[in-house]
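This report concerns only the one structure given below.
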Amino acid sequence: MSYRELLPQVIGIARQVGAYVQEHRPAAVGASMASVMEAFGTVDGPAGEFLRERLGALRPQSAWSPDEIGTVVADHGETWVCDAVDGAVQFLQGLPHWGVTITLIAGGEPVLAVLWAPQLDALYTAVKGGGAHLNGRRVRTSAKRLSAALACTSQPPYNPEPERAGASLTAMLRHTLAVRNLGPTALQVAQVGSGHVDVFWEYGHDANNLLPGSLIAREGGALVTDADGDPWTPASSTFVAAAPILHSDVLNVLRGHRGSC
């Protein structure tokens with residue numbers, strides 16, 4: 001089965017998981033970190049197992065990568081990298097900015113990605129070489145200059161680089177229209193591919209959250225690199241996705257130089 005033929009079935013699984021997660025949202029999460037994590041586990045655990053069972057049956061030859069920060073991706077064979085509730089904080093707070101992400105990796109790079117955000121009614125999909133789509137419509141990056149751009153960022157929760165992140169935030173605030181954090185990393189990166197976000201950057205190892213959006217952004221025409229301008233890989237410690245017209249300016253700002261903004 002080709003990746004294009006596989007896509008509708010993966011979309012169906014993502015929708016089923018999204019429905020389960022919505023239906024089983026915890027009524028209360030408590031006040032402590034332990035109680036929050038316990039409440040989240042009652043939803044995320046079963047939803048993750050459902051993903052693993054259904055995708056495993058769909059493509060038995062593919063391996064399964066645990067949902068962990070800094071996921072290591074093999075450079076051979078196929079691997080599923082998934083998150084049943086991407087945007088856990090938003091989900092537990094009762095905010096709509098969360099989703100189900102499913103990414104198939106082949107030869108060390110993403111070849112199929114589905115991001116379903118049920119409460120936003122947003123379905124992002126991409127197959128390598130087939131373009132990026134939002135709710136079935138082909139999408140592209142924006143064409144803004146950096147001075148008019150919406151730039152978004154996030155930081156991995158377990159291995160942040162606060163000094164570099166702080167300096168980059170100050171620099172980007174000086175050169176863009178606005179800087180925001182609009183929710184889960186995968187969704188924000190995907191939104192670069194649809195032009196709703198012009199730039200996304202991040203410091204730290206965060207492959208499991210960056211992989212789905214990286215394919216969608218790239219298929220939407222974005223340039224996806226590390227902060228030095230080299231091709232981004234799951235092992236990279238920095239990430240930049242931007243519309244082509246402003247990508248070099250973003251790199252200049254992150255390097256501490258003024259670009260032609």
Side-chain angles (χ1 to χ4, degrees), residues 9-58 64-72 79-104 113-125 134-135 152-160 162 165 180-191 194 196-197 200 202 204-214 216:
Q9 298 181 66
V10 176
I11 291 172
I13 292 171
R15 288 185 180 276
Q16 290 172 348
V17 172
Y20 174 89
V21 171
Q22 287 196 94
E23 184 180 346
H24 292 83
R25 180 192 297 275
V29 297
S32 68
M33 175 62 78
S35 63
V36 168
M37 296 306 296
E38 181 180 0
F40 181 64
T42 64
V43 180
D44 185 60
E49 282 302 310
F50 181 89
L51 271 177
R52 185 167 186 168
E53 291 173 4
R54 292 298 302 273
L55 293 171
L58 186 61
W64 183 266
S65 177
D67 173 25
E68 296 176 352
I69 297 296
T71 294
V72 177
T79 304
W80 291 108
V81 177
C82 305
D83 194 344
V85 190
D86 182 38
V89 172
Q90 290 83 2
F91 172 72
L92 292 172
Q93 291 290 119
L95 298 170
H97 301 87
W98 61 271
V100 182
T101 64
I102 302 175
T103 312
L104 184 61
V114 171
L115 192 166
W116 167 231
Q119 292 189 268
L120 299 176
D121 192 28
L123 175 67
Y124 280 93
T125 61
L134 172 57
N135 294 338
C152 291
T153 189
S154 183
Q155 300 302 323
Y158 301 118
N159 63 342
R180 300 288 186 268
N181 184 328
L182 298 178
T185 295
L187 179 59
Q188 294 183 88
V189 179
Q191 288 173 322
S194 62
H196 292 95
V197 169
F200 181 90
E202 183 177 281
H205 294 280
D206 196 15
N208 63 318
N209 288 320
L210 293 168
L211 279 164
S214 70
I216 295 165

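Since the model is a prediction, treat every value here as computed from it, not as a measurement. In what follows, every heavy atom counts, from backbone to side chain, and hydrogens, waters and symmetry copies are set aside.
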Rounded to the nearest 0.5 angstrom, the CD-CZ distance for Gln22 and Phe91 is 8.5 Å
Around atom CZ of Arg180, are there more than 12 heavy atoms of other residues, nucleotides or ligands at under 6.0 Å?
-> no
Matching residue for Leu211 among Ile216, Val81, Leu104, Val189 - test: side chain to side chain contact (heavy atoms under 4.5 Å, CB included) | Val81
If you look at every heavy atom in Ala14 and Val100, which pair is closest and at what distance?
-> O-CG2, 3.9 Å
Exam field: side chain Thr125 to backbone Val114, donor-acceptor pair closer than 3.5 Å | no
Got a second to check how far Asn208's CG is from Asp86's CG, nearest 0.5 Å?
-> 8.0 Å
From the list Gln188, Gln155, His97, side chain to side chain donor-acceptor pair (under 3.5 Å) partner of Asn181 resolves to Gln188
Start with the C-alpha distance between Leu134 and His196, add both sets of side-chain angles, then the distance that settles side chain to side chain contact (heavy atoms under 4.5 Å, CB included), and finish with yes or no.
-> CA-CA 11 Å; Leu134 172 57; His196 292 95; 3.7 Å; yes
Work out which heavy atom in Arg54 is nearest to a heavy atom in Ile13; give both atom names and the distance.
-> CB-CD1, 3.7 Å
With no hydrogens and no angle check, is any side-chain donor or acceptor of Asn135 less than 3.5 Å from a backbone partner on Asp121?
-> yes
Does the side chain to side chain contact (heavy atoms under 4.5 Å, CB included) test come out yes or no for Trp64 and Leu51, once each step is laid out?
-> CA-CA 10 Å; Trp64 183 266; Leu51 271 177; 3.9 Å; yes
Roughly how far apart are Asp44 CG and His24 NE2, rounded to 0.5 Å?
-> 13.5 Å
Minimum side-chain heavy-atom gap Asn209-Thr101 below 4.5 Å = no
Grab the two heavy atoms, one from Ala84 and one from Gly48, that are nearest each other, plus how far apart they are.
-> CB-N, 3.7 Å
Audit row: Leu187, Leu120, side chain to side chain contact (heavy atoms under 4.5 Å, CB included) steps and yes/no = CA-CA 11 Å; Leu187 179 59; Leu120 299 176; 3.7 Å; yes
dist Phe200:CZ -> Thr185:OG1 (nearest 0.5 Å) comes out at 4.5 Å
Heavy-atom closest pair, residues Gly41 and Pro46 = O-CD, 3.6 Å
Please report the closest heavy-atom contact between Gly18 and Trp98, naming both atoms and the distance.
-> O-CH2, 4.0 Å
Any idea which heavy atoms bring Cys82 and Ile102 closest together, and the distance?
-> SG-CG2, 3.8 Å
Side chains of Arg52 and Trp80 in contact at under 4.5 Å (non-hydrogen atoms) = no
Taking the side chain as every heavy atom from C-beta outward, state whether Trp116 and Ile11 have any pair of such atoms under 4.5 Å apart.
-> no
Quick one: CG on Leu55 to CD on Gln9, what's the gap to the nearest 0.5 Å?
-> 10.5 Å
Would you say Val21 and Phe50 make side-chain contact, with heavy atoms under 4.5 Å?
-> no
Below 4.5 Å, heavy atoms only, C-beta onward: do Glu202 and Pro156 meet side chain to side chain?
-> yes
